[in-house]
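Note sheet for the following structure.
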Amino acid sequence: ITTRTDVYALGLVLFELLAGRRAQHADTSSPTALERSICDTPVPRPSTAAGAGDPTWQRTLRGDLDAIVATATQKDPARRYPSVAALADDVRRHLDGRPVVARLDSATYRLARAARRHWLPLTAAAALVASLTAGVVATTYQARLAERRFAEVRGIANALMG
């Protein structure tokens, strides 16, 4: 029994809080069956165990929360969080919208997290770029239209003068 045992137990509690049901069902028919049901049966993901009743809740659980529970409830203690503080830090990171350690680190994942955290400035920047682009396109169109009209007026003036 180590700190990682506590991390496993907290992972099971987190699973129960998220999915609304227990993660493991112990087979108490014999000591061997009990050991097998606890030590060999993997803990399901909270998003799949939450049931088909609420697809929005399943989408909420999918991703970071699934990864946090999966890391906390690894059967191999060496693959779990090293401490309760590390588990709590990952939960805090998820709540703050920052990348969690349990997920596979990629540039796409980090950019998506940053975009969710800073959606207002990104939306404002996108609106600014869109309005500038529309302004340049409209100005270019009006300039070409003015050049054509000027060429027409010049042609009329040359015809009248000649």
Side-chain angles (χ1 to χ4, degrees), residues 1-140:
I1 295 177
T2 64
T3 304
R4 292 182 191 238
T5 307
D6 294 336
V7 168
Y8 184 83
L10 286 172
L12 293 177
V13 170
L14 181 60
F15 178 94
E16 193 169 337
L17 288 171
L18 295 173
R21 68 174 186 89
R22 291 184 178 267
Q24 295 178 319
H25 298 285
D27 182 3
T28 57
S29 61
S30 72
T32 306
L34 179 63
E35 179 183 350
R36 196 173 328 125
S37 66
I38 293 173
C39 295
D40 296 337
T41 306
V43 175
R45 295 190 174 273
S47 62
T48 58
D54 189 5
T56 305
W57 184 242
Q58 287 178 332
R59 270 194 307 277
T60 302
L61 296 177
R62 198 173 300 129
D64 287 348
L65 291 172
D66 275 348
I68 290 170
V69 170
T71 303
T73 58
Q74 287 287 324
K75 295 301 176 182
D76 180 15
R79 296 181 62 199
R80 292 181 200 149
Y81 288 104
S83 67
V84 174
L87 171 61
D89 184 51
D90 238 8
V91 171
R92 255 186 244 103
R93 293 173 74 73
H94 168 72
L95 292 174
D96 292 342
R98 297 185 330 233
V100 297
V101 176
R103 289 284 297 263
L104 181 64
D105 194 24
S106 69
T108 306
Y109 173 66
R110 289 184 170 274
L111 283 173
R113 286 280 139 196
R116 281 187 189 159
R117 272 195 325 274
H118 305 293
W119 66 271
L120 187 60
L122 285 174
T123 304
L128 180 66
V129 167
S131 66
L132 287 175
T133 302
V136 167
V137 168
T139 302
T140 304

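Because the structure is predicted, anything quoted here is derived from the model rather than measured.
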### Message
Could you report the tightest heavy-atom contact between Pro77 and Lys75, atom names first, then the distance?
### Response
CD-O, 3.2 Å
### Message
Is it the case that the side chain of Asp6 and the backbone of Val84 share a donor-acceptor pair, with hydrogens and angles ignored and the cut-off at 3.5 Å?
### Response
no
### Query
Can you find a heavy atom in the side chain of Tyr109 that is under 4.5 Å from one in the side chain of Val100?
yes
### Message
Let me confirm one number: the CG-CG distance from Asp90 to Leu65, rounded to the nearest 0.5 Å.
### Response
10.0 Å
## Note on the structure
Note: Arg98 and Arg117 closest approach over all heavy atoms is CA-NH1, 3.4 Å
### Task
Give the minimum heavy-atom separation between Arg80 and Gln74, together with the two atoms involved.
NE-O, 2.6 Å
### Query
Less than 4.5 Å apart, any side-chain heavy atom of Val7 and any of Ser83?
no
## Note on the structure
Residues Ala67 and Arg45: closest non-hydrogen pair is N-NH1, 4.1 Å
Side chains of residues 119-128: which donor-acceptor pairs under 3.5 Å do they make with residues two or more places apart or in other chains?
residue: Thr123; atom: OG1; partner: Trp119; partner atom: O; Å: 2.7

### Query
Crowded around Arg116 CZ? As in, over 12 foreign heavy atoms under 6.0 Å?
no
### Query
Sub-3.5 Å donor-acceptor pair from the side chain of Tyr81 to the main-chain atoms of Ala88, do we have one?
no
### Task
Could you tell me which non-hydrogen atom of Ala102 sits nearest to which non-hydrogen atom of Thr71, and how far apart they are?
CB-OG1, 3.3 Å
### Query
What's the spacing between Arg93 CZ and Arg103 CZ if we round to 0.5 Å?
13.0 Å
### Query
Considering all heavy atoms of both residues, which atom of Leu12 and which atom of Thr73 are nearest to each other, and what is their separation?
N-CG2, 3.9 Å
### Task
First locate atom NE2 of His94, then atom CG of Asp89, and finally report the distance between them rounded to the nearest 0.5 Å.
13.5 Å
### Query
Above 12 or not: heavy atoms from other molecules or residues under 6.0 Å from CZ of Arg110?
no
